[in-house]
Amino acid sequence: MSEADRSADDVLAGWDPAGPPPVLDGRAPFPTDTVVAVGAMITGMVAGLALGGRHPLVRAQVGGVLGLAGAIVARRMWRLPG
């Protein structure tokens with residue numbers, strides 16, 4: 001089998017063979033998206049409660065949902081190609 005035939009069947013053709021392999025230590029990566037989502041929800045809830053007025057539970061819920069929606073939009077925008 002020639003070198004051209006082998007490279008056609010190789011699914012990793014074009015990858016840097018000299019690059020170091022990823023370290024597999026059995027741990028999951030840091031959950032950045034989860035931390036951002038929870039932080040945005042808490043911030044939205046606090047902001048909703050700080051506005052004052054009646055129905056603090058409803059304001060906290062709406063603030064949490066709006067904070068989460070803002071975090072989702074921001075995280076998706078960061079991932080958009082250039």
Side-chain angles (χ1 to χ4, degrees):
M1 188 176 202
S2 70
E3 184 66 33
D5 291 337
R6 256 186 263 129
S7 65
D9 295 334
D10 187 9
V11 295
L12 297 177
W15 285 58
D16 182 12
V23 177
L24 301 176
D25 58 0
R27 294 184 304 162
F30 185 75
T32 305
D33 289 334
T34 304
V35 172
V36 168
V38 170
M41 283 178 56
I42 291 172
T43 303
M45 291 173 75
V46 169
L49 289 173
L51 290 176
R54 298 183 331 181
H55 308 293
L57 182 60
V58 172
R59 287 193 326 267
Q61 289 174 341
V62 170
V65 169
L66 291 176
L68 179 60
I72 290 170
V73 168
R75 293 295 290 172
R76 297 309 291 167
M77 286 177 65
W78 288 338
R79 293 183 179 154
L80 290 176

Could you list the donor-acceptor pairs under 3.5 angstrom formed by side chains in residues 35-54, with sequence neighbours left out?
from, atom 1, to, atom 2, distance (Å)
Thr43, OG1, Gly39, O, 2.8

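Taking Ile, Leu, Val, Met, Phe, Trp and Tyr as members and joining any whose side-chain heavy atoms lie under 4.5 Å apart, directly or through other members, the hydrophobic cluster of Leu66 also contains Val58, Val62.
Applying the salt bridge (Lys or Arg N to Asp or Glu O under 4.0 Å) definition to pairs two or more places apart or across chains, those involving residues 31-47 are Asp33-Arg75, Asp33-Arg79.
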